[in-house]
2 protein chains.
Amino acid sequence: MIGTSPTEDTRVRSAAVARALGDPKRLCVLESLAAGELSVGELALRVSCQVPNMSQHLAVLRAAGLVTARRDGNTVFYRLADPKVLEACHLLLSIAR
Amino acid sequence: MIGTSPTEDTRVRSAAVARALGDPKRLCVLESLAAGELSVGELALRVSCQVPNMSQHLAVLRAAGLVTARRDGNTVFYRLADPKVLEACHLLLSIAR
DNA sequence: TCATAAGTTGCGCAAGAACGCAAGTGCGGG
DNA sequence: CCCGCACTTGCGTTCTTGCGCAACTTATGA
């Protein structure tokens with residue numbers, strides 16, 4: 001059953017996840033990752049921001065557990081940690097109409 | 001179809017919704033409203049914060065379109081604007097684990 | 001070993017958000 | 001008409017975030 005009332009701690013973490021979703025560029029990142037993993041540089045291009053800035057956004061998403069990183073030689077690839085993340089994006093979309 | 005890529009404007013609004021969800025007290029408010037409408041004072045009690053503070057949180061939720069207000073005489077009742085809001089809360093919960 | 005490419009981290013700043021408190025608004029009762 | 005109750009708004013403070021820039025780390029290749 002889904003109706004057990006969350007503890008305060010759980011709510012704090014849920015809120016942290018929501019805050020991680022609460023930036024247009026980060027939403028754009030997650031949408032871009034829907035099709036598969038991408039490097040930091042490619043993500044910076046799509047979202048059109050500087051690489052250090054993208055790295056920080058990715059750190060936020062990583063800290064919230066929304067993406068995971070994989071290093072291949074010199075470049076780091078990010079991917080969605082959970083399909084539910086995309087679900088959340090779509091739900092936000094439909095609520096924001 | 002849900003797969004059409006959102007415009008920048010849509011993403012900005014989605015992010016605003018996510019930010020409105022990004023506070024433990026506001027999540028608590030939304031969960032409290034799951035069972036039906038409540039007054040500002042009752043909400044302040046459950047979330048254990050002062051009434052002016054609650055009023056401000058409710059203003060944030062209202063601005064994001066997550067709740068609606070109904071005035072009955074002296075007291076104002078708030079309710080969820082859309083069942084999807086609860087869905088979003090549960091999804092956050094399950095992502096935050 | 002040195003140079004270069006890809007990311008990350010540190011720092012300073014400016015904008016935004018949460019909170020407490022005081023003052024204002026709006027409605028109902030006496 | 002005035003008082004009191006339920007909320008809202010304004011204000012000042014403090015904490016957090018997003019960003020740009022520079023410096024650092026790590027891996028690749030000459």
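The structure displayed is predicted, hence computed values, not measured ones. Chain letters run A, B, ... following the sequence lines, proteins first and then strands; every chain starts at 1.
Nucleic acid contact class of A/Phe77 (heavy atoms, under 4.0 Å, all strands): none.
The shortest distance between side-chain heavy atoms of B/Leu93 and A/Thr10 falls below 4.5 Å. Here the side chains of B/Glu8 and B/Val12 are in contact, with some heavy-atom distance below 4.5 Å.
Rounded to an integer number of Å, the gap from A/Leu45 CG to C/dG7 P is 10 Å.
Look at A/Tyr78 and you'll find a side-chain N or O under 4.0 angstrom from OP1 or OP2 of C/dT8. Considering only side-chain N and O atoms, A/Arg71 lies nowhere under 4.0 angstrom from the phosphate OP1 or OP2 of C/dG7. Using a 4.0 Å cut-off, no side-chain N or O of A/Thr75 falls inside it from OP1 or OP2 of C/dA5. For D/dG18, neither phosphate oxygen OP1 nor OP2 lies less than 4.0 angstrom from any side-chain nitrogen or oxygen of A/Asn53. Contact between the side-chain N/O atoms of A/Ser55 and the OP1/OP2 oxygens of C/dT8 is found at a separation under 4.0 Å. Proximity of A/His57 to the phosphate of D/dT17: no side-chain N or O atom is located under 4.0 Å from OP1 or OP2. In terms of phosphate contacts, B/Gln56 brings no side-chain nitrogen or oxygen within less than 4.0 Å of OP1 or OP2 of C/dA18. Applying the 4.0 Å criterion to OP1 and OP2 of C/dA18, one finds that B/Arg26 has a side-chain N or O inside that range.
For B/Val51, whose side chain is taken as the heavy atoms from C-beta onward, the closest listed nucleotide among D/dT8, D/dT17, C/dT8 is D/dT8.
One N or O donor and one acceptor, one from the side chain of B/Asn74 and one from the base of D/dC5, sit under 3.5 Å apart.
Of the possible polar contacts, none joining the A/Arg19 side chain to the B/Asp23 backbone as a donor-acceptor pair under 3.5 Å is found. Of the possible polar contacts, one joining the B/Arg97 side chain to the B/Ile95 backbone as a donor-acceptor pair under 3.5 Å is found.
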